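Predicted model, so just to flag it, every value in this text is computed and none were measured. The chains referred to below are lettered A, B, ... by the order of the sequence lines, with proteins before strands, and numbering in each begins at 1.
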Amino acid sequence: MSNKPSIPKGTRDFNPQEVVKRNYIFDVIRQAFTRFGFLPIETPSFENSDTLMGKYGEEGDRLIFKILNSGDFLRKVSDDDLKTRNIPGITSSISEKALRYDLTVPFARYVVQHRNEIDFPFKRYQIQPVWRADRPQKGRFREFYQCDADVVGSDSLWQEVELVQLYDTVFSDLKLRNTTIKLNNRKILSGIAEVIGAEDKLIDFTVALDKLDKIGKDKVKEEMREKGISEEAIEKVEPLFSVTGTASEKIESLKNLLSASETGMRGIEELEFIVNTIDELGLSSAKLEVDVTLARGLNYYTGAIFEVAAPSEVKMGSIGGGGRYDDLTGIFGLKDTSGVGISFGLDRIYLVMEELGLFPETVLETTRALFVNFGEKEAMYAMRAVSALREEGIAVDLYPDPAKMGKQMGYADKRGIPFVILAGETEIESNNYTLKNMRSGEQKTLDIDQLVNELK
RNA sequence: GUGGUUGUAGCUCAGUUGGUUAGAGCACUAGAUUGUGGUUCUAGGGGUCGCGGGUUCGAAUCCCGUCUUCCACCCCA
């Protein structure tokens, strides 16, 4: 009397068709990463808690899956902590390990730990699942894949340019057109905070600003007020809400706004370089857009900030994000190593592609041809051809049982196998095979060499 | 973490103010068809109505709890 089995909230099983389609996206991304000169690494699914905790802000810590210690995990908990329900204290006593929350922080740990074996600048890519104890919604899961490409050990802005091109390449290869790569710079945000005198509220300020296109400027102001940003500062921010036009027009108005801030002006310079260079080099299908309100993401970005929005006809959160971080390896004891990277959200890209019908039909074709099984003697004859075809790299199968033909054909049909091969008594006598095209219904009699050629 | 929403066959869903053995389409299995599938016809299998408790003579239907789904916050891929 067992209950129906189930899987945890926010996780999924993938059936063969889904896996095949996911692999198609993985392959496109992996090939692009390779072409851009990135090398693959992998890190463990779980890290020591202190590697992860405190790197994503307070909210992030809450969303990290903690792993309960083995054995008597209560041993180190003090009665005091229990009595006062000191959750952070208890948590650190009963859990020493945690599932990775993203790929960037483990990568920073990897770089620091292996610094003597790494040749800098180091370009690595990493495609692995991450886990977040978030409440699931559409496109939000508790287990999902990230595909990251990062460069550490170079502060050249050419890296940012290449990463924009990498985004463009991947989405163009996937035939996912009209994505928008949004670009901003943390220094610009710092500059704004500086100019309006709200430096101490930078995070609250940027989080509020980020919601501009979603909740409108009045609500943004309201949230800033709630977070304790002065009325004077909010007033000074006003011109920012009307920064519009082309990228260069936006940059011009930003220059006016931020002329008093050295940091801000440096951010604008960086932004301008990336925009101008991409403008010169061109993109094949994506659009690069300056968005000063873009502030999402993790607190560790110090320079460029990227985010990719899906085509506007699909309602989906961002399908990629990234940026430059100067201090991340510093947390682990390696100073002056700048890094910049981007991430692709595989699961969301999948949903977008599904919604837009962008998966090529050929992706689902796994087996090219199925031999009908007529009996023991005929199966032996067929099996010789099966081996020959497989050696040529062609995916073929023999139906395992001498079932009725209708059943065997139906099996091929449902699995989307495009060809069926009949090898029965008549074919054996003439040393031939009958090849049937399942789509057109057309049949041909061929010898083994012709068969190989036809199916290649 | 806060507020709301959803759950009936493998899938998509009906199920009247609580009232007999809970239905449909698709899918599945078998046959019509002993070397021809995707379109037809016939028959069949499959559900302790998410789970647990309560109200009632009687619960898929009402109440409570719990899990799940999706949505809005929070935050984010």
Side-chain angles (χ1 to χ4, degrees), chain A residues 1-12 15 25 29 56-64 87 101-104 127-148 203-204 206-208 210-211 214-215 219 223 227 294-299 306-310 315-322 341-352 370-375 378 399 402-428 433-443:
Chain A
M1 284 291 161
S2 63
N3 291 334
K4 271 187 191 165
S6 64
I7 53 173
K9 190 201 313 208
T11 64
R12 295 147 300 156
N15 66 32
I25 302 176
I29 293 175
Y56 310 100
E58 213 175 297
E59 192 67 24
D61 282 357
R62 209 195 76 211
L63 298 176
I64 292 173
I87 303 295
Y101 177 88
D102 70 357
L103 300 177
T104 309
I127 299 177
Q128 290 190 280
V130 301
W131 294 269
R132 295 186 187 177
D134 208 351
R135 198 172 280 198
Q137 284 180 30
K138 181 174 185 178
R140 281 179 100 151
F141 308 101
R142 298 185 120 182
E143 177 183 62
F144 60 96
Y145 268 80
Q146 287 194 334
C147 313
D148 275 31
I203 302 273
D204 286 336
T206 52
V207 165
D210 183 69
K211 295 176 189 164
K214 200 170 178 183
I215 62 177
K219 287 267 176 70
E223 181 165 333
K227 295 285 181 184
L294 172 62
R296 295 232 235 155
L298 307 163
N299 315 332
F306 304 107
E307 184 171 303
V308 183
K315 203 181 157 223
M316 181 64 68
S318 64
I319 54 176
I342 58 172
S343 180
F344 292 81
L346 175 107
D347 300 85
R348 286 188 179 178
I349 293 171
Y350 179 97
L351 290 171
V352 170
L370 179 77
F371 282 79
V372 172
N373 189 330
F374 286 106
E378 292 88 344
Y399 195 88
K404 279 205 188 120
M405 239 187 119
K407 188 173 168 148
Q408 302 193 41
M409 301 284 284
Y411 177 79
D413 190 48
K414 264 180 294 184
R415 286 212 25 209
I417 299 172
F419 293 98
V420 164
I421 298 163
L422 307 180
E425 218 170 317
T426 26
E427 283 84 2
I428 295 178
Y433 300 88
T434 300
L435 178 72
K436 180 184 170 88
N437 181 323
M438 291 295 275
R439 185 161 300 180
S440 63
E442 184 194 354
Q443 297 193 177

- If you pin A/I215 and A/E425 to their nearest nucleotides in RNA chain B, which one's is more 5'? A/E425
- 5' priority, RNA chain B, between A/G10 and A/E223 [closest heavy atom]: A/G10
- Heavy-atom donor-acceptor pair, A/E427 side-chain to B/G35 base, under 3.5 Å: yes
- Message: Quiz question: going by heavy-atom distance under 3.5 Å, is there a donor-acceptor pair between the base of B/U69 and the side chain of A/R135?
- Response: no
For a quick check of understanding: with a heavy-atom distance under 4.0 Å over all strands, which category does [X] fall into, base, sugar-phosphate or nothing?
| X | value |
| --- | --- |
| A/Q137 | base |
| A/G139 | base |
| A/V420 | nothing |
| A/G322 | nothing |
| A/S318 | sugar-phosphate |

[X] has a side chain; which of [options] sits nearest to it?
| X | options | result |
| --- | --- | --- |
| A/K214 | B/C28, B/C73, B/C74 | B/C73 |
| A/P136 | B/U69, B/A77, B/G1 | B/U69 |
| A/R140 | B/C75, B/A77, B/G35 | B/C75 |

Donor-acceptor pairs are to be reported for all side-chain atoms of residues 411-421 of chain A against protein atoms at under 3.5 Å, with residues two or more places apart or in another chain.
from: A/Y411; atom 1: OH; to: A/R415; atom 2: NH1; distance (Å): 3.1
from: A/R415; atom 1: NH2; to: A/T367; atom 2: OG1; distance (Å): 2.9

- Dot-bracket notation for RNA chain B is requested: 5' to 3', Watson-Crick or G-U wobble pairs only, both distances under 3.5 Å, with ( ), [ ], | and . as defined. ((((..(..((((.....[...)))).(((((.......))))).....(((((..]....))))))..))))....
- Message: Can you confirm whether more than 12 heavy atoms, excluding those of A/E425, are under 6.0 Å from its CD atom?
- Response: no
- Hey, is A/F344 doing a stacking thing with B/A77, by the 5.5 Å centroid and 30° angle criteria? no
- Note on the structure: Protein-proximity profile, nucleotides 36-43 of chain B, B/S/- by nucleotide at the 4.0 Å heavy-atom cutoff, equals BBB-----
- Query: Are any of A/K414's side-chain N or O atoms less than 4.0 Å away from OP1 or OP2 of B/C28?
  - Reply: yes
- Look at A/K138 and B/C70 and indicate whether a side-chain polar atom (N or O) is within less than 4.0 Å of OP1 or OP2. no
- Task: For the pair A/K227 and A/V207, evaluate side-chain contact (heavy atoms from CB on, under 4.5 Å) and give the outcome as yes or no after the intermediate values.
- Result: CA-CA 10 Å; A/K227 295 285 181 184; A/V207 165; over 6 Å; no
- Message: What's the gap between B/G10 and B/G45 when it is taken at their C1' atoms, as a whole Å value?
- Response: 13 Å
- Item | P gap between B/A22 and B/U48, integer Å | 12 Å
- May I have the distance from A/L351 (atom CG) to B/C70 (atom C1'), rounded to whole angstrom? 13 Å
- Distance-only side-chain donor-acceptor flag, A/E427 / A/T434, under 3.5 Å: yes
